[in-house]
Visitor: 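Below: one structure in structure tokens.
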Amino acid sequence: MVGLTSCDAERPRCSGRATALIVVLVAVLVALNVCGRYHAGRAGDMLGFEAAVGVAGVALMPLLLRRPVIGALALAALAALSPAATPPSTVGTLYVAQSRRLPAALGVAAAGVAAHAIQGWWRPPSGLSYAWWLLLVVVGHAALVAVGALVQARRALVASLRERARRAEAEQGRRVAEARAAERTRIAREMHDVLAHRLSLVATYAGALEYRLDAPPEQIAHAAGVVRAGVHQALDELRQVIGVLRDDPHGTRDDDHDADHPQPVLTDLPRLIDESRGAGAQVLLDDRVAEPAAVPGGAGRTAYRIVQEALTNARKHAAGQPVRIALDGGPGSGLVVDIRNPLAPAGPSIAPGSGTGLVGLTERVQLAGGRLDHEVTPAGEFRLRALLPWPA
């Protein structure tokens with residue numbers, strides 16, 4: 001009878017096929033019960049009555065499947081009249097125990113015990129005392145309630161495991177989405193840091209070609225060569241970023257171990273400043289770091305990007321103004337990057353700004369465990385100051 005669990009508590013209405021199967025099984029049990037009693041000579045002249053009670057019990061099965069408690073109580077009432085209704089009543093008690101809460105199951109079981117107590121009183125079973133009959137009835141109905149409770153507990157466990165699996169899958173999907181979003185943000189930040197610097201240099205030289213038509217041919221050729229080299233470098237760096245997108249869609253590439261395109265560190269800062277000076281910028285460097293090569297890779301790379309962004313912003317918004325860069329610090333005290341440049345009069349910039357450079361730079365510094373501040377000083381200067389960790 002455990003097959004009754006196909007009609008679970010969440011779906012009180014069974015399918016037509018399941019209902020027909022249960023009705024047929026109960027009808028077979030009733031028929032076997034009545035025939036057994038007839039052949040044993042215990043039905044006597046009440047064979048027709050028992051057959052009618054058995055038919056009534058089978059007819060109540062659809063009601064049981066739709067209204068379990070009411071149907072089970074009706075079957076228990078029939079069981080009080082004839083042993084032919086015992087199989088349908090047993091099925092009813094088991095079905096309620098599987099599909100309803102424990103109080104309802106105990107109530108139906110108590111009604112079944114009372115009904116069979118009445119049956120055993122006015123139609124005593126042969127070869128068994130009434131006390132033993134009553135004891136077997138109580139034990140049988142207790143077993144039915146226990147089996148029903150066990151089925152309900154198993155069903156609840158399976159539902160809980162399914163829910164946990166669904167939540168784990170959803171959580172895994174959320175983590176993957178967050179990892180991809182973080183990787184896209186990292187790539188976008190890298191593209192901004194690299195391409196914005198490179199293209200601002202190209203824009204500076206292109207502006208010189210546009211406005212200095214009377215320049216000597218050597219200077220024009222030099223500027224054109226710088227523009228061409230800058231465009232090629234920008235395209236090469238763009239290919240690197242696209243390569244990350246194509247080759248490593250889940251963000252597992254390690255920037256620190258990319259042998260073909262190593263990430264810049266603090267020792268690469270002179271080359272960056274020379275590029276800006278070559279474009280006509282006035283860059284003053286005050287480097288008080290005794291051993292730049294000893295700076296941790298993460299802090300050095302972040303410091304490089306800070307200076308790169310500051311030089312790019314100066315070319316865009318304060319062209320022709322001097323930029324002063326001060327580096328200081330040591331193990332245990334941290335690495336300090338202080339950059340200042342006078343504000344330029346309002347006017348057109350050589351390249352449009354997206355307004356996200358400082359936001360991305362702040363995120364980069366925070367991810368490195370540092371702090372970034374930027375302000376306009378009373379002296380009319382834009383100041384960018386970062387403190388990066390440098391363990392002892």
Side-chain angles (χ1 to χ4, degrees), residues 1-30 33 53-54 56-121 125 128 130-168:
M1 294 303 173
V2 180
L4 293 174
T5 56
S6 60
C7 306
D8 53 30
E10 289 77 9
R11 295 180 299 156
R13 292 186 179 275
C14 299
S15 65
R17 183 177 300 178
T19 300
L21 178 62
I22 294 174
V23 171
V24 170
L25 289 176
V26 173
V28 171
L29 291 175
V30 170
N33 182 286
V53 172
V58 174
L60 284 175
M61 293 308 299
L63 175 63
L64 171 69
L65 300 178
R66 288 166 174 77
R67 298 289 185 272
V69 176
I70 296 177
L73 292 176
L75 291 172
L78 288 178
L81 301 177
S82 169
T86 294
S89 177
T90 302
V91 171
T93 302
L94 178 60
Y95 185 69
V96 171
Q98 292 183 39
S99 60
R100 293 296 181 266
R101 296 181 180 275
L102 184 60
L106 291 175
V108 169
V113 170
H116 284 82
I118 295 174
Q119 178 195 125
W121 175 71
L128 191 67
Y130 181 74
W132 278 107
W133 162 258
L134 191 59
L135 177 62
L136 290 177
V137 167
V138 171
V139 172
H141 281 79
L144 292 175
V145 173
V147 170
L150 180 62
V151 170
Q152 283 204 38
R154 179 182 177 277
R155 187 185 302 148
L157 176 61
V158 171
S160 174
L161 292 176
R162 287 177 179 172
E163 179 64 18
R164 289 176 61 183
R166 186 191 65 80
R167 290 183 179 180

Visitor: Do side-chain atoms of Gln119 reach the backbone of Leu81 as a donor and acceptor pair under 3.5 angstrom?
Guide: no

Visitor: Would you check if the side chain of Gln152 reaches a backbone N or O of Arg100 as a donor-acceptor pair within less than 3.5 Å?
Guide: yes

Visitor: Taking side-chain contact (heavy atoms from CB on, under 4.5 Å) as the test, write out the residues that go with Arg164, two or more places apart.
Guide: Ser160, Leu161

Visitor: In a check of side-chain contact (heavy atoms from CB on, under 4.5 Å) between Val108 and each of Leu144, Leu94, Val69, Val145, which one passes?
Guide: Val69

Visitor: Compare every heavy atom of Tyr130 with every heavy atom of Trp121, then report the nearest pair and how far apart it is.
Guide: N-CE1, 3.5 Å

Visitor: Please report the closest heavy-atom contact between Leu60 and Ala74, naming both atoms and the distance.
Guide: CD1-CB, 3.8 Å

Visitor: Going by atom type alone, with no hydrogens or angles, which donor-acceptor pairs under 3.5 Å involve a side-chain atom of residues 110-118 and a protein atom two or more places apart or on another chain?
Guide:
unit_1: His116; atom_1: ND1; unit_2: Gly112; atom_2: O; d: 2.9
unit_1: His116; atom_1: NE2; unit_2: Thr86; atom_2: OG1; d: 3.2

Visitor: Quick one: CG on Leu64 to OG1 on Thr93, what's the gap to the nearest 0.5 Å?
Guide: 9.0 Å

Visitor: Between Val96 and Ala72, what is the shortest heavy-atom contact and its length?
Guide: CG2-CB, 3.7 Å

